[in-house]
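See structure below.
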Amino acid sequence: MHSVAATNVFPATLQCIFDCIYGNDSSSRLKQAGMEFTIWLFKHVSNEQLKLMGPLILSAIIKLLDAPVPNEADLSSRQLRAFAYQAIGQIGQRAPYLIRGSIESAARVFRALKTESPAIRFTVQQAANSLASGY
C-alpha cells in the first residue's frame with residue numbers, strides 16, 4: 001500500500017479509492033484502507049496528478065462526511081471520519097488552491113469541532129490548522 005509509484009497511476013488510483021470507500025462489497029476495514037491510501041496519495045502524488053485527482057477525491061471525502069454517522073460508538077466509523085479529516089488537512093497543505101476558492105471547507109471543519117465525537121476532535125483540530133495555511 002505504500003508505493004509512491006501507485007499514487008501516480010491515473011485513473012486506476014481513483015478507481016481503487018472509490019471502490020474501497022464506496023464499493024458495494026466494501027467492508028469497514030477496506031474503507032479505512034482506502035482513506036489511508038488517500039492520505040498517502042495526497043502526500044506523494046505528483047503535482048500534475050494531484051491537479052487531476054484532487055478535486056474528485058475531495059468531493060468524495062466531503063460526501064463521506066456528509067453521510068449520516070451510523071453509530072457514534074462504532075470505532076470503525078469514528079476512524080473512517082478521522083481519516084477523512086486527516087485527508088482534508090493533507091490536501092489543504094499540499095494543494096491549497098483546491099480549498100482557497102470557497103470557505104465551505106474551513107466552515108465544515110470548524111463546525112466539526114463542535115459536532116464530531118470527542119474521540120476525533122483532535123484530528124479535526126489538526127485539519128483546521130492545516131487548512132489555515134490555504135487561506
Side-chain angles (χ1 to χ4, degrees):
M1 171 165 319
H2 290 97
S3 168
V4 174
T7 64
N8 291 297
V9 182
F10 180 79
T13 302
L14 272 179
Q15 186 67 45
C16 175
I17 290 170
F18 279 80
D19 284 350
C20 286
I21 297 172
Y22 295 109
N24 292 333
D25 297 324
S26 185
S27 65
S28 61
R29 180 62 196 130
L30 190 55
K31 289 178 185 188
Q32 289 176 14
M35 284 306 306
E36 288 179 62
F37 183 62
T38 301
I39 294 164
W40 177 260
L41 176 131
F42 286 157
K43 288 180 183 177
H44 299 285
V45 70
S46 71
N47 289 330
E48 296 78 27
Q49 293 294 312
L50 185 58
K51 286 178 184 176
L52 292 171
M53 292 186 273
L56 297 170
I57 297 172
L58 182 59
S59 72
I61 293 169
I62 290 170
K63 179 181 171 185
L64 176 81
L65 290 172
D66 285 346
V69 180
N71 181 359
E72 288 226 7
D74 181 20
L75 178 62
S76 64
S77 295
R78 285 195 316 261
Q79 288 175 329
L80 185 62
R81 293 180 74 77
F83 282 137
Y85 285 110
Q86 188 178 358
I88 288 174
Q90 185 64 41
I91 203 164
Q93 286 181 332
R94 181 82 194 282
Y97 56 86
L98 291 174
I99 57 160
R100 193 175 292 137
S102 167
I103 63 165
E104 179 53 34
S105 294
R108 175 184 306 281
V109 170
F110 281 108
R111 278 192 307 272
L113 286 169
K114 180 180 177 184
T115 60
E116 287 289 351
S117 72
I120 65 169
R121 283 193 191 138
F122 181 72
T123 304
V124 175
Q125 183 179 5
Q126 289 177 318
N129 289 340
S130 295
L131 288 179
S133 66
Y135 289 96

For this session: Quick one: do Met35 and Ile61 satisfy side-chain contact (heavy atoms from CB on, under 4.5 Å)? Show the steps, please.
Result: CA-CA 9 Å; Met35 284 306 306; Ile61 293 169; 4.1 Å; yes

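- Nearest heavy-atom pair, Ile120 versus Ala82, reported as atom, atom and distance to 0.1 Å: CG2-CB, 3.7 Å.
- Rounded to the nearest 0.5 angstrom, Leu80 CG and Asp74 CG are separated by 9.5 Å.
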For this session: Test side-chain contact (heavy atoms from CB on, under 4.5 Å) on Ile57 and Ile91 and set out the steps.
Result: CA-CA 10 Å; Ile57 297 172; Ile91 203 164; over 6 Å; no

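- Looking at every heavy atom in both residues, Ala67 comes nearest to Arg81 through O-NH1, 3.9 Å.
- Applying the ring-ring contact (aromatic ring centres under 6.0 Å, His included) test to every pair with at least one member in residues 41-67, sequence neighbours left out, gives these pairs: Trp40-His44.
- Once rounded to the nearest 0.5 Å, the distance linking CE of Met53 with CG of Leu56 reads 9.5 Å.
- Taking each heavy atom of Thr38 and Ala87 in turn, the nearest pair found is CG2-CB, 4.3 Å.
- The two residues Asn8 and Val45 make their nearest non-hydrogen contact at OD1-CG2, 3.3 Å.
- If you chain together hydrophobic residues whose side chains sit under 4.5 Å apart, Val9 and Val4 never meet in one group.
- Nearest heavy-atom pair across Ile99 and Gly92 is CD1-CA, 3.8 Å.
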Would you be so kind as to tabulate the donor-acceptor pairs closer than 3.5 Å made by side chains of residues 16-28, with sequence neighbours excluded?
| unit_1 | atom_1 | unit_2 | atom_2 | d |
| --- | --- | --- | --- | --- |
| Asp19 | OD1 | Gln15 | NE2 | 2.8 |
| Asp19 | OD2 | Gln15 | NE2 | 3.1 |
| Tyr22 | OH | Ala60 | O | 2.4 |
| Tyr22 | OH | Leu64 | N | 3.2 |
| Ser26 | OG | Cys20 | O | 2.3 |
| Ser27 | OG | Leu30 | N | 3.1 |

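- Atom CZ of Arg94 is separated from atom NZ of Lys43 by 11.5 Å, given to the nearest 0.5 angstrom.
- For the pairing with Gln79, the side-chain hydrogen bond (donor to acceptor under 3.5 Å, both in side chains) check across Lys31, Gln32, Arg29, Glu36 returns one residue only, Gln32.
- Although no hydrogens or angles enter the test, the distance criterion places no donor-acceptor pair under 3.5 Å between the side chain of Arg108 and the main chain of Asp66.
- Annotation: salt bridge (Lys or Arg N to Asp or Glu O under 4.0 Å) contacts of Arg121 (sequence neighbours excluded): none.
- Residues Asn47 and Tyr97 approach most closely at O-OH, 4.5 Å, considering heavy atoms.
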For this session: Determine, stepwise, if the pair Leu58 / Ile88 fulfils side-chain contact (heavy atoms from CB on, under 4.5 Å).
Result: CA-CA 7 Å; Leu58 182 59; Ile88 288 174; 4.1 Å; yes

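- By the criterion of side-chain heavy atoms lying less than 4.5 angstrom apart, applied directly or through intervening Ile, Leu, Val, Met, Phe, Trp or Tyr residues, Phe10 is grouped together with Leu41 in one hydrophobic cluster.
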